[in-house]
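The structure appears right after this line, and notes come after that.
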Amino acid sequence: MKIAVTGKGGVGKTTVSSILARLYADEGHNVLAADVDPDANLGLALGFTMDELAAITPISKMKNLANERTGADETGMGKFFKINPKVDDIPDIYAKEKNGVKLLVLGTVDVAGGGCVCPEHVILKRLISHLVLQRDDVVIMDMEAGLEHLGRGTTSFMDRFIVVVEPGARSVQTFHNVKRLAYDLGVRKVEAVANKVRTEADEEFIRKNIPEDELLGIIHYSGGVIEADREAQSPYDYDQDVVSEIRKIKEKLDKTLEV
């Protein structure tokens with residue numbers, strides 16, 4: 001199973017990604033959680049300490065690795081370099097494990113104008129393709145906010161796009177935009193998870209604006225998740241009500257995808 005979790009900023013993508021990852025790990029699956037957000041904080045949500053995360057360099061920032069694997073010169077601006085470099089050993093070398101989940105911090109490459117053809121971007125795109133097409137793990141990607149990763153086409157082979165939304169028009173609009181762009185890439189399973197739902201009016205708004213067959217589930221607003229964030233701890237260990245709601249979402253996924 002390969003899942004990309006996306007949505008606009010601040011909706012709770014990392015909370016959903018981290019709890020899904022730990023639920024699968026608790027069942028004994030090999031789980032690789034990939035942080036593809038430039039504001040990388042998936043590690044904290046998985047239970048890593050700040051000191052442990054401070055020692056991790058995102059793959060996208062490893063210029064020497066990118067140059068070595070692509071054959072680019074020291075400046076990364078060589079006339080020719082490989083566009084299909086070896087990446088299959090990178091997850092096993094650089095991923096760090098906590099609570100049964102392997103974390104791989106990918107980061108992003110700053111893209112100007114129409115795109116970037118640089119060694120770092122080649123490595124990143126090739127690595128994401130490897131995670132999706134060739135790894136046997138359950139792979140959960142915590143994507144950057146917005147739609148830029150869809151424009152690059154790096155996630156076109158995902159089994160599922162989960163768009164985390166909150167009860168608001170802009171968030172719902174993001175869901176429909178992601179759905180449209182994902183369809184253009186050939187991804188047919190794009191579903192929403194509603195987060196931070198507080199009232200019956202919130203739930204009514206979600207159900208009015210997202211078709212029932214595209215709504216994976218609803219997660220209610222949680223003080224425990226906020227407390228976990230304050231304490232730099234995993235929300236999995238702070239609010240079992242939220243864990244139970246995300247477990248139901250996972251069970252719904254399991255019914256339609258072989259794990």
Side-chain angles (χ1 to χ4, degrees), residues 1-8 11-37 40-43 45-46 91 95 97 99-106 108 124-125 127-150 152-165 174-175 177-179 181-183 185-195 210 213-219 234-236 242-243 245-259:
M1 181 181 289
K2 310 295 188 287
I3 301 170
V5 181
T6 187
K8 80 178 189 66
V11 293
K13 299 184 302 296
T14 298
T15 296
V16 173
S17 299
S18 64
I19 293 178
L20 275 177
R22 290 196 59 180
L23 285 170
Y24 279 114
D26 283 352
E27 290 185 350
H29 296 290
N30 294 322
V31 181
L32 192 146
D35 199 339
V36 198
D37 193 325
N41 50 35
L42 179 59
L46 289 171
E97 186 169 341
N99 294 316
V101 178
K102 292 181 179 178
L103 171 68
L104 187 64
V105 181
L106 275 66
T108 56
L124 203 60
K125 187 169 182 177
L127 182 54
I128 291 175
S129 296
H130 169 73
L131 295 177
V132 173
L133 295 175
Q134 298 176 27
R135 295 286 293 195
D136 292 331
D137 308 326
V138 173
V139 176
I140 297 174
M141 293 190 183
D142 185 12
M143 308 301 293
E144 58 193 306
L147 307 174
E148 199 274 332
H149 52 279
L150 292 180
R152 287 203 303 264
T154 50
T155 46
S156 55
F157 295 100
M158 302 301 294
D159 292 315
R160 269 304 202 289
F161 269 84
I162 295 178
V163 186
V164 182
V165 301
T174 297
F175 167 69
N177 287 339
V178 169
K179 180 179 169 183
L181 290 175
Y183 274 31
L185 293 172
V187 179
R188 294 294 178 260
K189 288 295 186 180
V190 182
E191 291 154 316
V193 166
N195 191 29
I210 296 176
D213 62 345
E214 296 178 356
L215 182 62
L216 275 173
I218 288 176
I219 305 167
S234 173
Y236 186 90
V242 167
V243 172
E245 289 175 333
I246 296 179
R247 182 179 286 109
K248 291 178 182 177
I249 291 167
K250 173 192 167 296
E251 289 169 354
K252 202 169 181 179
L253 285 169
D254 291 346
K255 288 180 180 178
T256 55
L257 286 174
E258 182 179 352
V259 179

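Values below: all heavy atoms of this structure, side chains included; hydrogens, waters and symmetry mates excluded.
Between Lys13 atom NZ and Asn195 atom CG the span is 10.5 Å, to the nearest 0.5 Å. Considering CE of Met141 and CD1 of Ile3, their distance stands at 11.0 Å, rounded to 0.5 Å.
Annotation for Leu131 and Pro91: closest pair CD2-CG, 3.8 Å, computed over non-hydrogen atoms. Listed here is the closest heavy atom pair of Val5 and Ser17: CB-OG, 3.3 Å. In terms of heavy-atom proximity, Leu46 sits nearest to Ala21 at CD2-CB, 4.1 Å. Closest of all the heavy-atom pairs between Leu216 and Val193 is CB-CG2, 3.9 Å. When all heavy atoms of Lys2 and Val132 are compared, the closest pair comes out as CE-O, 3.4 Å. Of all non-hydrogen atoms in Asn99 and Ala25, the two that sit nearest each other are O-CB, 4.0 Å.
Residues passing the side-chain hydrogen bond (donor to acceptor under 3.5 Å, both in side chains) test with Lys102, sequence neighbours excluded: none.
A salt bridge between Asp26 and Arg22 is absent, with no side-chain N of the basic residue lying under 4.0 Å from a carboxylate O of the acidic one. Ion pairing of Lys252 with Glu191 is absent here, as no side-chain N (NZ or NE/NH1/NH2) approaches a carboxylate O to less than 4.0 Å.
With Asp137 as reference, Leu32 is the one residue of Leu32, Val31, Val101 to meet the side-chain contact (heavy atoms from CB on, under 4.5 Å) rule.
Under a cut-off of 6.0 angstrom, the local environment of CG in Asp213 is crowded, with over 12 non-hydrogen atoms contributed by other residues, nucleotides or ligands.
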